[in-house]
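As the structure is a computational prediction, the values presented were derived from the model and not from experiment. Below, chains carry the letters A, B, ... as their sequence lines are ordered, and counting in each starts from 1.
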Amino acid sequence: MSFFKPQGAAKPTQKLTADPALQPWVEKYRPKTIDDVAAQEYTVAVLQKTLTSTNLPHMLFYGPPGTGKTSTILALARQLFGPDNFRNRVLELNASDERGIAIVREKVKNFARQTPRAQVVGSDGKTYPCPPYKIIILDEADSMTQDAQGALRRIMETYARITRFCLVCNYVTRIIEPLASRCSKFRFTPLDTTSSAARLEYITRAEGINVDQAVIDALIKTSSGDLRRAITYLQSASRLSASSNPPLPITSRDIQEIAGVVPDDVLNSFASVLGIAVDDAMDVDDIAKRANGSFDPIRKKVKEIIREGYSASQILSQLHDLVVSHPTLNARQKSRCALVFAEADKALCDGADEELWTLEVGLRVNKAIS
Amino acid sequence: MSLWVDQYRPRSLDELHYHKELTERLRSLAASGDFPHMLFYGPSGAGKKTRIGCTLKQLFGPGVEKLKIDQRVFLSPSKRKLEINVVQSNYHIEITPSEAGNYDRVVIQEILKEIAQTQQVDLSAKQRFKVVVLNEADSLTRDAQAALRRTMEKYMSNMRIILCANSTSRLIAPIKSRCLLMRVAAPNETEMHEVLKYVAKSVRIDLPPEAAHKIVEDSNGNMRKAILVLEALKMQSPDLTGPLSIAKPDWETYCHKVADLIVQEQSPARVMEVRAKFYELLSHCIPPTVILKTVAERITERVDESLKAEVMHWAAFYEVRMRMGNKKIFHLEAWVVKVMSLYKQFFYEMDISSFD
């Protein structure tokens, strides 16, 4: 049965065979040691201590995507056990594995109750601390069912002597309270600009590609603190530029296109149809005139945008940025618009029809500011 | 004898008519050997599937056109049997996980793992990896999307995933950040004219400009619809001259009738009449969202300017409720009553706010 193969084992062996040039950069530049983890000083400092003392609590890592949660625990495990022991000391389960209550009862429990064998020197000559316990990494733990989480409770306590759990999740509120209270929590904050820029520059140097500051800025801006997303965009952009002949330099426009960002001119024309003054030259009378009898122009514009294939949620978030940072709208108008955006976002998450809701947002924003 | 849509569908990247820049991009990606996971999105009939097919051909050569259709059976966790149609060639596999409804996660886990854990056996293959095409990716459940996340990273060396969706709004961010996004916009009017001319030339008929213009206007950026209409018109009048009437689908005329009923009279009896019509439409498998949109659009053409925004607002409002809820007819009807009361209120300046 495929899931009885140790998952942790599958990974390092694959690493050897995969051609490094074809690897996604997110895997290639995953931090090897926890010192390499970008930002997250507090977490790194605490985990550094555990490396020297070789004692580890149960851990719960939470934070937005792309902040280095999985990377941190993998790097820590590698540093603790070394490549040889990694396979029989670490069990990694994520949402792509079946993780119902049955698996928790059998697989996790079986792995948890094994007593680890002692091992001193790794095959590469280095000595690793190799403390006398195993680590079970439950990645994306917030997608586990309540029942499965419930079944973990007692297991965590019973085998605490020989097994440590590390839960990784985005939303700490979806972890049931009894589990959360058994773990020491580590919050991962979105990456600040300087550390993401440093990491991106390191990768561009290592890959030998040439990008200017504007591109790095665009990457950081579009990815909003998600380093994985920034690296993926960078790789896609470099692929595109390298495969054309002759190689073109990467521009910040490329990054925007890859990220699916709606171009500014499209958004501005939409905003001006809604009656939001985009450039300062337009005076108030002009806006008032537009607000009358605005239904048909708005509907036409919405149809156009939908035809172009832009996603409604992207338009929503960009329109939101535009309205919130708008210089002339007053606070009341802005807050009315914010209400509209919030409602529309909920509707879109529930799977509502994109065209109807883009139109709805357009009409209501128009009403709110006129 | 196949439909023109299929017969004249471009088979390779060189034959694609519009979005030259995108085509160039696809070509260079396919040539580079460093092919990423991809997500194609855009309105229907814009040519997403065609582009995927062409890219696959560019990657693997003509071998991808040798397709076979299989039916695979999966067991859901509760031991229920799920049947899924699988289209595959030696190099790629195409599935529509939403066929399995709520159990799409099982399909994703089983199929992807199976493919990911076997390497390409054909030594003469151009690429070391296989491609999985997932259709209707935006209707994947959250669970299924979560299951995709790590798989996409872990098995990158054996497999690439191409997702095909109408919009990216319903995909979770981790999936989007792992894919290269490819936006396929609907063709503009000149591009559609070009394609129609090409099709007409290939079947050796004469396409008068007025007819072409009418088809383009009617199809609203949907290339597939345009070509189907062209073929239908050809059947109607072989030389495509004279007054052409593009037959509207009968559900559309039926929807328009409903809209007219609503505008004509507002009374409980009329609501009953409308309900009967809605039931008729629903029983013919017209999606409720489409019904709501068509009727609402027709009503906005009929009513006063100041009411239009309200009508659309409530349409949007009840559309979400319809998705959250279970019985579609309740929400359709609630919307009709709401529109009727708005209309009456507007006419008689009546105060019926107590109904809210």
Side-chain angles (χ1 to χ4, degrees), chain A residues 2 10-11 14 17-19 21-24 26-27 65-66 94-98 100 139-140 143 223 226 228-229 232 235-236 239-240 242-245 257-260 293 295 299 306-314 347-357 359-360 363-364 366-367, chain B residues 24-25 28-29 31-34 36 41-43 46 77 108-109 112-113 117 128 139 142-143 146-151 153-157 166-170 173-174 176-181 183-186 220-221 289 292-293 296 300 305 308-309 312-313 315-317 319-320 323-324:
Chain A
S2 65
K11 254 185 87 200
Q14 249 184 11
T17 53
D19 184 354
L22 297 183
Q23 256 185 357
V26 263
E27 288 291 334
N94 55 58
S96 68
D97 305 297
E98 185 58 59
D139 211 342
E140 292 147 35
S143 65
S223 61
D226 181 343
R228 175 174 49 221
R229 189 139 51 121
T232 320
Q235 188 177 16
S236 310
R239 260 184 202 133
L240 285 176
S243 52
S244 64
N245 206 7
E257 179 69 37
I258 288 165
F295 180 79
R299 188 163 70 174
I306 294 294
R307 247 180 87 156
E308 282 295 308
Y310 295 112
S311 93
S313 52
Q314 185 66 37
L348 286 175
C349 278
D350 289 338
D353 188 80
E354 301 228 323
E355 191 183 334
L356 270 181
W357 272 93
L359 183 60
E360 160 84 358
L363 292 170
R364 283 182 57 189
N366 180 253
K367 203 169 137 199
Chain B
E24 251 347 280
R25 235 169 220 207
S28 54
L29 279 175
S32 69
D34 182 17
Y41 67 103
I108 295 265
Q109 283 174 347
L112 288 196
K113 288 218 159 152
Q117 286 171 348
R128 290 264 323 277
S139 51
R142 287 281 155 110
D143 276 352
L148 264 182
R149 286 171 62 166
R150 194 80 181 107
T151 321
E153 282 180 351
K154 225 171 172 175
Y155 302 109
M156 186 80 182
S157 56
N166 273 107
S167 127
T168 56
S169 295
R170 251 167 277 165
K176 277 189 270 186
S177 77
R178 281 173 178 80
C179 293
L180 181 54
L181 300 184
R183 184 171 59 87
V184 186
N220 213 350
T289 308
L292 186 63
K293 262 168 86 174
T300 54
E305 182 69 37
K308 287 180 178 177
M312 285 322 262
H313 165 71
F317 179 83
E319 204 265 342
V320 183
R323 294 216 185 224
M324 306 293 289

Given the options A:P65, A:G66, A:G309, which has more heavy-atom pairs under 4.5 Å with chain B than any of the others? A:G309
Between B:E319 (side chain only) and A:D353 (backbone N and O only), is there a donor and an acceptor less than 3.5 Å apart? yes
Return the minimal non-hydrogen interatomic distance between A:L356 and B:M312, and the atom names on each side. CD2-CE, 3.8 Å
Contacting region of A:E354 [heavy-atom separation from chain B under 4.5 Å]: side chain
Side chain, backbone, both or neither: which part of B:N166 has an atom under 4.5 Å from a heavy atom of chain A? neither
So A:Q235 and B:L180, do their side chains get closer than 4.5 Å, heavy atoms only? no
Give, as side chain, backbone, both or neither, the part of B:T289 having an atom under 4.5 angstrom from any heavy atom of chain A. side chain
Apply side chain to side chain contact (heavy atoms under 4.5 Å, CB included) to residues B:T300 and A:R299 and explain how you reach the verdict. CA-CA 11 Å; B:T300 54; A:R299 188 163 70 174; 3.0 Å; yes
Does any backbone or side-chain atom of B:K308 lie under 4.5 Å from a heavy atom of chain A? Answer side chain, backbone, both or neither. both
Under a 4.5 Å heavy-atom cutoff, which of B:A186, B:A296, B:A315 has the most pairs with chain A? B:A186
Can you tell me which portion of A:L363 sits under 4.5 Å from chain B's heavy atoms? Options are side chain, backbone, both or neither. side chain
Select one option (side chain, backbone, both, neither) describing which atoms of B:S139 are under 4.5 Å from chain A's heavy atoms. neither
Report yes or no: does B:R183 contribute a side-chain atom to a donor-acceptor pair with the main-chain N or O of A:E308 at less than 3.5 Å? yes
Set of residues satisfying side-chain contact (heavy atoms from CB on, under 4.5 Å) with respect to A:D350, sequence neighbours excluded: A:K346, B:V320, B:M324
Answer yes or no: is there a donor N or O on one side and an acceptor on the other, between the side chain of B:S169 and the main chain of A:S311, under 3.5 Å? no
Separation between CG (A:D226) and NZ (B:K176), nearest 0.5 Å, reads 12.0 Å
Pairing residues for B:R142 by the side-chain contact (heavy atoms from CB on, under 4.5 Å) criterion, not counting sequence neighbours: B:I172
So which residue, B:C179, B:A309, B:G42, ends up with the most heavy-atom pairs under 4.5 Å with chain A? B:A309
